[in-house]
Structures are given as C-alpha cells and as structure tokens.
Amino acid sequence: MGIRVLIADDHHVVRRGLVFFLRTQGDITIIGEAGNGKEAVEIARSLNPDIILMDLSMPEMDGIEATKIIKTEKPDIKILILTSFSDQDHVLPALEAGASGYQLKDIQPDELVNCIKKVMNGENQLHPKATSHLLSNLAKKDKQDRSQLDELTRRELEVLKEIAKGKSNKEIASALFITEKTVKTHVSNLLSKLELADRTQAALFAVKNKLV
C-alpha cells in the first residue's frame, strides 16, 4: 500500500485538494481524513497510519494537543505539521509535542511529497521560515547544561551539527567522508548519550546549545 497517510485539516477544500493530489502518487495511500484534532486522534487509534499531515488551528482539539496524544499513544506514527503559521508560538510547541516536520501550506506539491518521504526515512523537515523563528527564539534562551555534550566523541559532535542542518545520512556521509552505515551508528550513539528520541529532537538540542 506504500506510505499510509491520514490528513487532518478543518478546511474541506484543503483536505480534498491534498487527497486529490496525493492519490496521484503511486507509493502513497490516503487511509483517512479528519476535520479536527479529536477526529485525528480517533482515526489514528483505529487505522494506525504511517504519517499524519496535521493542521494546527482546528476546532474541538488543535493540532498540537492531537500531536501530543498521538505521539504518547502511538510513538511510531510520524506527524508532519502543515499549517499557515510560522511564528515561534506555533513552531516550538508543535516540535516539542513530537512533530517530525513543520511545513507551510505554500509548499509546492512535489516538495510536499518529498518531505513526506524524508520524514518517513527519519529526517527532520523544517520550513526555512519555521527554522528562522526557531533559531531566533532559542538564541535568546539560556544555555543548557553542556555536560551531556562532553560525552560525545568528536565525530558524533560533527554528525550532530550536520543533523541540525537538516542533512540526510547520505549527505552527512558525503560531507564527513565516512560511510552511510557509520553515520547511522554515530546517530544512534549520540541519540542514546543525549537521551533524545529522534533526529528532530537532536536538531533542536544542537540549536539550543548553539552548535550551529
């Protein structure tokens, strides 16, 4: 069936447009639609999609709350935020809730498909506007305890910095002149040492600690 997608958006026209386009992709299957966060949670529980395209501003339950619940109950489900908001008051809570990506609705259709595939491969996908707000906001925060960073090897630190730039394992391997398999090992090790769940959290950690 390919990548099983659930679309959560309270605007019917937006949902139908996404469904119409994504159904033209041979390796993507639309398994459901939700008009609010509550429906998204219920459908996620019953149909267990691979990834959810989640709007933020919805009635009954917003996308952030829905993301928190879904990631708590079904951590393997990927969530890609697709919204009109790029301000820090929306970006940070969404990522902290467990979203694997954050894109704006002005994204090109083909680019959206690419983002879906990258998120499914474990890559964090942040829109440049969202990244800009994220960097601006986090730069104002106090430095976190850097003791965990001291546990990383020089190479793991280099890989962490590349992750923060949004690079894939293949791109990191090319940049650091090591094999893709070695990159995967370093990623696994640094996530364990830093007690982080995924690459998105690693990218946030790197930004918070001003590694990029």
Side-chain angles (χ1 to χ4, degrees), residues 1-71 73-87 90-91 93-95 97-134 165-171 198-200 203:
M1 292 181 66
I3 301 172
R4 301 167 68 252
V5 178
L6 166 63
I7 297 173
D9 196 300
D10 63 325
H11 289 96
H12 180 73
V13 172
V14 173
R15 285 204 316 276
R16 297 314 301 165
L18 287 169
V19 169
F20 180 79
F21 172 71
L22 292 176
R23 278 182 174 161
T24 67
Q25 307 299 307
D27 49 359
I28 290 179
T29 301
I30 305 298
I31 64 166
E33 299 177 45
N36 58 57
K38 186 178 179 182
E39 287 182 5
V41 171
E42 293 170 351
I43 295 173
R45 285 171 178 159
S46 61
L47 298 182
N48 201 38
D50 296 318
I51 186 169
I52 301 173
L53 300 187
M54 183 81 77
D55 189 19
L56 288 183
S57 180
M58 294 185 289
E60 293 195 54
M61 182 186 293
D62 64 26
I64 292 173
E65 186 62 28
T67 297
K68 287 180 184 177
I69 294 173
I70 292 167
K71 292 301 289 185
E73 296 183 358
K74 294 181 174 290
D76 290 339
I77 294 178
K78 303 289 187 181
I79 296 180
L80 174 59
I81 302 297
L82 190 59
T83 182
S84 302
F85 302 102
S86 62
D87 60 282
H90 287 90
V91 175
L95 295 178
S100 299
Y102 196 108
Q103 293 293 334
L104 301 186
K105 288 182 177 177
D106 61 3
I107 189 171
Q108 293 296 316
D110 290 340
E111 188 179 347
L112 175 60
V113 171
N114 194 35
C115 282
I116 290 172
K117 292 178 180 178
K118 285 187 174 182
V119 167
M120 287 306 302
N121 285 331
E123 299 177 34
N124 54 297
Q125 290 293 302
L126 301 183
H127 189 282
K129 289 181 182 178
T131 304
S132 176
H133 282 294
L134 185 62
K165 296 175 185 176
K167 291 187 178 180
S168 65
N169 285 348
K170 184 176 182 181
E171 290 169 334
D198 54 32
R199 296 170 75 99
T200 301

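Residue indices begin at 1 and follow the sequence shown.
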Is there side-chain contact between [X] and [Y], with at least one heavy-atom pair below 4.5 Å?
X: N121; Y: S168; value: no
X: I116; Y: Q25; value: no
X: L18; Y: V5; value: no
X: D9; Y: K105; value: yes
X: V14; Y: D55; value: no
X: I3; Y: D27; value: no
X: K117; Y: M120; value: no

Closest heavy-atom contact between [X] and [Y]?
X: S100; Y: V119; value: CB-CG1, 3.6 Å
X: A97; Y: K68; value: CB-CG, 3.5 Å
X: M54; Y: M58; value: SD-CE, 3.8 Å
X: A8; Y: A40; value: CB-CB, 3.9 Å
X: I52; Y: P49; value: CG1-CG, 3.8 Å
X: G2; Y: D50; value: O-OD2, 3.7 Å

Donor-acceptor under 3.5 Å ([X] side chain, [Y] main chain):
X: E39; Y: G35; value: yes
X: K71; Y: I77; value: yes
X: R4; Y: L47; value: yes

Working to the nearest 0.5 angstrom, can you tell me the gap between [X] [atom1] and [Y] [atom2]?
X: C115; Y: Q108; atom1: SG; atom2: CD; value: 11.5 Å
X: I7; Y: R16; atom1: CD1; atom2: CZ; value: 8.5 Å
X: T24; Y: L22; atom1: OG1; atom2: CG; value: 7.0 Å
X: I51; Y: K78; atom1: CD1; atom2: NZ; value: 8.5 Å
X: N48; Y: I43; atom1: CG; atom2: CD1; value: 13.0 Å
X: R45; Y: I69; atom1: CZ; atom2: CD1; value: 6.5 Å

Next item on the list: Examine the side chains of N169 and R199 and answer whether a donor and an acceptor come within less than 3.5 Å of each other.
Entry: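 Yes, a side-chain donor-acceptor pair sits under 3.5 Å.
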Notebook entry, point to check: Among T83, L80, L82, I79, whose side-chain contact (heavy atoms from CB on, under 4.5 Å) with Y102 holds?
Noted result: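 Single side-chain contact (heavy atoms from CB on, under 4.5 Å) partner of Y102 among T83, L80, L82, I79: T83.
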Note to self: I81 vs H90, test: side chain to side chain contact (heavy atoms under 4.5 Å, CB included). Steps then yes/no.
What the structure shows: CA-CA 10 Å; I81 302 297; H90 287 90; over 6 Å; no
Check: Is it the case that more than 12 heavy atoms not belonging to K170 sit under 6.0 Å from its NZ atom?
Finding: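 No.
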